[in-house]
A.B. asks: 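My structure is below; once you've seen it, I'll send some questions.
Heads up: numbering here begins at 1 and tracks the sequence.
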Amino acid sequence: MLALDKLTKLVKKRKRVGRGGSRGGTSGKGHKGQKARSGSHGVGYGFEGGQMPLSRRLPKRGFNNVQFETAYAIINLEDLERHFNSGDEVTKDVLYGKGLISKRKSTKGQSATLVKLLGNGSISKQLMVHVDAVSKSAVQAVEKIGGKVHLLKEM
């Protein structure tokens, strides 16, 4: 059985190299070279012995669209079902007040966070929803029970 007094017997003792002549002239560090010197071994990740590293030899090409993408805060039908009553009006400010979205700072001229309604889950309450984007299944589900979806800005 494992106990605190027996714990030290399970831990293997580390060999303390370079502390005298007990292991011969090299003290277990091999012969010369960078790793045989005192202090930390200055070989970093990706170091190739002074040769130009692979990450710097390969060409940096292509295009990254991250800075131009349109980021949406996602709201699902199940979120609306859980947090709203029948007849409520769903806007960005109301969603922010209930903690369902977070306001982001203005990027690329956008005044606030863009909100997209997706059709995950089901809804049984009539709601007036004001969002920036919406999926077809979400529009069908909301309008099927008598609610309305209003797009704030046509994309």
A.B. asks: Tell me whether L151 is reachable from L95 by hopping between hydrophobic residues (I, L, V, M, F, W, Y) whose side-chain heavy atoms are closer than 4.5 Å.
C.D. replies: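 Same hydrophobic cluster.
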A.B. asks: Can you list the steps and then say if K148 with E89 is a salt bridge (Lys or Arg N to Asp or Glu O under 4.0 Å)?
C.D. replies: CA-CA 10 Å; K148 294 203 186 258; E89 194 163 333; over 6 Å; no
A.B. asks: Would you indicate whether the side-chain heavy atoms of L80 and I75 approach each other to under 4.5 Å?
C.D. replies: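 Answer yes - side chains close enough.
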A.B. asks: Are M128 and V115 connected, step by step, through hydrophobic side chains (Ile, Leu, Val, Met, Phe, Trp, Tyr) whose heavy atoms are closer than 4.5 Å?
C.D. replies: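 Cluster IDs for M128 and V115 differ.
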A.B. asks: Evaluate the side-chain proximity of V134 to L118: yes if any heavy-atom separation is below 4.5 Å, no if none is.
C.D. replies: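 The answer is no; the side chains never approach within 4.5 Å.
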A.B. asks: Where does the angle between the aromatic ring planes of F63 and F68 fall among parallel (under 30°), tilted (30 to 60°) and perpendicular (over 60°)?
C.D. replies: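 Rings of F63 and F68: parallel, under 30°.
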A.B. asks: With a 3.5 Å distance limit and no angle check, can you tell me whether E48 reaches the backbone of L54 through a side-chain donor-acceptor pair?
C.D. replies: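 Yes, because the side chain of E48 sits within donor-acceptor range (under 3.5 Å) of the backbone of L54.
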A.B. asks: Give me the atom names and distance for the closest heavy-atom approach of Y72 to A133.
C.D. replies: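 Result for this residue pair: CE2-CB, 3.8 Å.
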A.B. asks: CG of D88 to NZ of K125: how many Å apart, nearest 0.5 Å?
C.D. replies: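 Rounded to the nearest 0.5 Å, the CG-NZ separation comes to 8.5 Å.
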A.B. asks: Decide whether S124 and E81 meet the rule of one side-chain donor and one side-chain acceptor closer than 3.5 Å.
C.D. replies: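 Result is yes, a qualifying pair exists.
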A.B. asks: List the atom of R56, the atom of K60, and the distance in Å for their closest heavy-atom pair.
C.D. replies: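 For R56 and K60, the tightest heavy-atom pair comes out as CA-NZ, 3.9 Å.
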A.B. asks: When rounded to the nearest 0.5 angstrom, what distance separates CD1 in I145 from OG in S86?
C.D. replies: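 It is 7.0 Å, given to the nearest 0.5 Å.
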A.B. asks: What heavy-atom pair brings S135 and G119 nearest, and what distance separates the two atoms?
C.D. replies: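 So the two residues come closest at OG-N, 3.4 Å.
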A.B. asks: To the nearest 0.5 Å, how far apart are NZ in K116 and OG1 in T70?
C.D. replies: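 Reported to 0.5 Å precision, the distance equals 10.5 Å.
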A.B. asks: Nearest 0.5 Å please: distance from the CG atom of L117 over to the CG atom of N76.
C.D. replies: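 So the gap between those two atoms works out to 7.5 Å.
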A.B. asks: Measuring from H83:NE2 to E78:CD, what's the distance to the nearest 0.5 Å?
C.D. replies: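 Here the interatomic distance stands at 10.5 Å.
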A.B. asks: Tell me whether D132 is salt-bridged to K92, with the criterion being a basic N under 4.0 Å from an acidic carboxylate O.
C.D. replies: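 So D132 pairs with K92 through a salt bridge.
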A.B. asks: Could you walk me through whether F84 and V90 pass the side-chain contact (heavy atoms from CB on, under 4.5 Å) check?
C.D. replies: CA-CA 8 Å; F84 292 94; V90 180; 4.0 Å; yes
A.B. asks: List the steps and the verdict of side-chain contact (heavy atoms from CB on, under 4.5 Å) for L77 and V142.
C.D. replies: CA-CA 8 Å; L77 291 176; V142 171; 3.8 Å; yes
